[in-house]
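For this chain, numbers begin at 1 and follow the sequence in order. Every value quoted in this text rests on a predicted model; they were computed, and no experiment measured them.
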Amino acid sequence: MSSRATVLESRVGAAVPYLSPKDFVESPEAMDRAWTPEEAAAYTSWLATHHYENFHVVSVLLPKRLHRDFYAVYSFCRWADDLGDEMGDPRRSLELLAWWRRELDAMYCGRATHPVYVALAPVAERHHLPQQLFADLIQAFVQDQTVTRYETWEEVLGYCRCSANPVGRLVLRLCGYADSERDRLSDATCTALQLANFWQDVAVDLEKGRIYLPLEVLRRNGYSEAELLALRFTPGFRDAMREAVGFARKLFIEGLPLVGRVNRRLAFDIDLFSRGGMRVLEKIEQLDYNVLARRPAIGKVERAGLLLRTLGRIAFSRAA
């Protein structure tokens with residue numbers, strides 16, 4: 001068993017392997033195990049709170065009754081992400097993502113066996129979570145294995161419709177919202193967050209062979225793909241990044257009214273994520289758009305400031 005595994009005792013006395021997705025699929029013991037609903041819920045709780053890239057999946061302000069539901073949805077996303085990015089072989093990733101899609105189909109047919117799907121099945125039924133939202137997320141990770149360049153804004157937005165927007169819609173449904181207007185505002189926010197992450201990680205994505213900046217934007221500003229691959233910072237790249245940052249900021253502004261259309265706890269998270277994303281855009285501007293030389297990041301003090309300002313905005317707006 002991998003050194004990264006955690007083995008805990010279930011109430012029935014059997015050793016339960018708690019493994020990261022990559023280790024899990026390489027373990028016949030884990031893959032062949034029959035998981036009880038209690039064990040499956042415990043596994044998703046462990047994965048959501050101990051995974052190497054975990055980021056406060058469940059806000060302390062969310063109702064405790066929803067914690068396990070969020071853990072189950074997060075674990076589905078974490079698994080799909082790792083199957084796409086952590087296997088080290090695109091062909092293997094495509095095979096596993098196809099298997100993950102079959103497991104999703106099985107769950108919606110009442111035949112869940114994998115612990116994530118055993119935990120997710122009652123959550124999906126209780127909150128009426130559409131299967132297509134999960135299928136779209138899987139498709140985004142498939143696309144990451146097969147598409148590494150995007151010609152137009154429409155192509156980039158098409159990717160975000162699968163990779164980012166379903167997450168926001170799932171969160172809304174977990175919190176009891178399922179209407180087209182809130183979905184529209186959530187889509188704007190989630191796409192903006194995805195774009196801010198792309199612009200923050202241009203150099204990181206290049207190392208993975210991926211370019212999310214639309215190629216037509218680069219060309220229109222007098223910059224070539226070859227220059228980007230060589231990490232050349234030029235006035236053309238600066239202009240292209242200025243356009244990209246402006247595009248993302250408009251989406252953040254478009255989505256902000258969602259804060260006033262959900263309960264206070266969810267409003268806090270939406271406002272905090274949105275302001276954090278816009279702060280990343282400001283950081284890029286402060287670097288004169290040279291994300292090729294340095295990755296813009298928000299420090300701990302700034303994060304604390306964002307947190308306090310969000311608390312103040314939410315408290316004041318509700319009081320008003």
Side-chain angles (χ1 to χ4, degrees), residues 1-8 10 14-58 67-108 111-124 129 131 133-146 162-164 166-167 170-171 194 197 201 204-205 208 210:
M1 185 174 291
S2 165
S3 60
R4 286 178 286 173
T6 302
V7 179
L8 300 179
S10 71
V16 179
Y18 283 19
L19 298 165
S20 67
K22 183 177 180 180
D23 292 330
F24 194 109
V25 297
E26 295 172 355
S27 168
E29 176 190 359
M31 292 290 284
D32 295 339
R33 196 184 199 287
W35 294 76
T36 68
E38 179 185 75
E39 292 167 349
Y43 172 74
T44 55
S45 295
W46 171 82
L47 186 65
T49 55
H50 292 82
H51 197 275
Y52 69 91
E53 211 175 55
N54 178 55
F55 59 90
H56 295 301
V57 179
V58 178
H67 282 197
R68 279 199 167 188
D69 294 354
F70 271 86
Y71 291 150
V73 171
Y74 170 83
S75 294
F76 167 88
C77 298
R78 187 74 269 163
W79 259 81
D81 192 3
D82 279 17
L83 294 180
D85 270 357
E86 298 297 322
M87 305 312 298
D89 179 355
R91 289 176 297 180
R92 177 63 171 155
S93 288
L94 288 172
E95 291 172 358
L96 288 170
L97 288 167
W99 161 74
W100 196 237
R101 174 62 189 265
R102 292 193 296 272
E103 292 294 302
L104 174 66
D105 293 339
M107 185 194 81
Y108 273 91
R111 301 193 306 270
T113 57
H114 188 280
V116 169
Y117 286 116
V118 172
L120 183 59
V123 177
L129 303 181
Q131 181 177 356
L133 295 178
F134 295 108
D136 285 346
L137 285 166
I138 295 174
Q139 180 56 38
F141 294 114
V142 169
Q143 190 166 327
D144 274 334
Q145 311 307 310
T146 57
C162 288
S163 67
V167 175
L170 286 168
V171 170
Q194 178 79 86
N197 180 253
D201 285 336
V204 174
D205 289 329
K208 301 176 183 178
R210 298 170 185 164

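- When the salt bridge (Lys or Arg N to Asp or Glu O under 4.0 Å) test is applied to Arg91, the partners found at least two apart in sequence or on another chain are Asp89.
- For the atom pair SG of Cys77 and CG of Asp82, the computed distance is 11.5 Å after rounding to the nearest 0.5 Å.
- Phe134 meets the ring pair (Phe, Tyr, Trp, His ring centres under 6.0 Å) test with Phe76; sequence neighbours excluded.
- When the side-chain hydrogen bond (donor to acceptor under 3.5 Å, both in side chains) test is applied to Arg210, the partners found at least two apart in sequence or on another chain are Asp85.
- Closest approach of Ala124 to Met107, counting heavy atoms only: CB-CE, 4.0 Å.
- Applying the side chain to side chain contact (heavy atoms under 4.5 Å, CB included) test to Ala42 and every residue at least two apart in sequence or in another chain returns Tyr18.
- In this structure a side-chain-to-backbone donor-acceptor pair under 3.5 Å is present from Gln145 to Gly84.
- Using a 4.5 Å heavy-atom threshold, the side chains of Pro21 and Glu86 count as separate.
- The side-chain heavy atoms of Val25 and Trp99, taken from C-beta on, include a pair separated by under 4.5 Å.
- Across all their heavy atoms, Ala135 and Leu104 have their closest contact at N-CD2, 3.7 Å.
- Distance check, rounded to the nearest 0.5 Å: CZ of Phe141 to SG of Cys162 gives 11.0 Å.
- To the nearest 0.5 Å, atoms CD1 (Ile138) and CD (Glu103) are separated by 10.0 Å.
- Between Trp100 and Trp79, the ring-plane angle classifies as parallel under the 30° and 60° cut-offs.
- Partners of Thr44 according to the side chain to side chain contact (heavy atoms under 4.5 Å, CB included) rule, which considers only residues two or more places apart in sequence or in another chain, are Tyr71, Ser75, Val116, Ala119.
- Take Asp136 and apply the side-chain hydrogen bond (donor to acceptor under 3.5 Å, both in side chains) test, not counting sequence neighbours, and it matches Gln132.
- Residues passing the side chain to side chain contact (heavy atoms under 4.5 Å, CB included) test with Leu133, sequence neighbours excluded: Pro130, Pro166, Arg169, Leu170, Arg173.
- Taking the side-chain hydrogen bond (donor to acceptor under 3.5 Å, both in side chains) definition, one finds that Gln143 meets it with Tyr150, sequence neighbours left out.
- Between Ala80 and Leu97, the closest heavy-atom pair is O-CD2, 3.7 Å.
- Distance check: Thr49 OG1 to His67 NE2 gives 11.5 Å after rounding to the nearest 0.5 Å.
- Atoms CZ and CG, from Arg68 and Leu120 in turn, are 14.0 Å apart once rounded to the nearest 0.5 Å.
- Listed here is the closest heavy atom pair of Tyr74 and Leu47: CE2-O, 4.1 Å.
- Closest approach of Val118 to Pro122, counting heavy atoms only: O-CD, 3.3 Å.
- For Asp105, the side chain to side chain contact (heavy atoms under 4.5 Å, CB included) partners are Arg101, Gln131, not counting sequence neighbours.
- In this structure Glu26 satisfies the salt bridge (Lys or Arg N to Asp or Glu O under 4.0 Å) test with no other residue, sequence neighbours excluded.
- Proximity of Trp35 to Thr113: side-chain heavy atoms (C-beta onward) are nowhere separated by under 4.5 Å.
- Residues meeting the side-chain hydrogen bond (donor to acceptor under 3.5 Å, both in side chains) test with Ser45, sequence neighbours left out: none.
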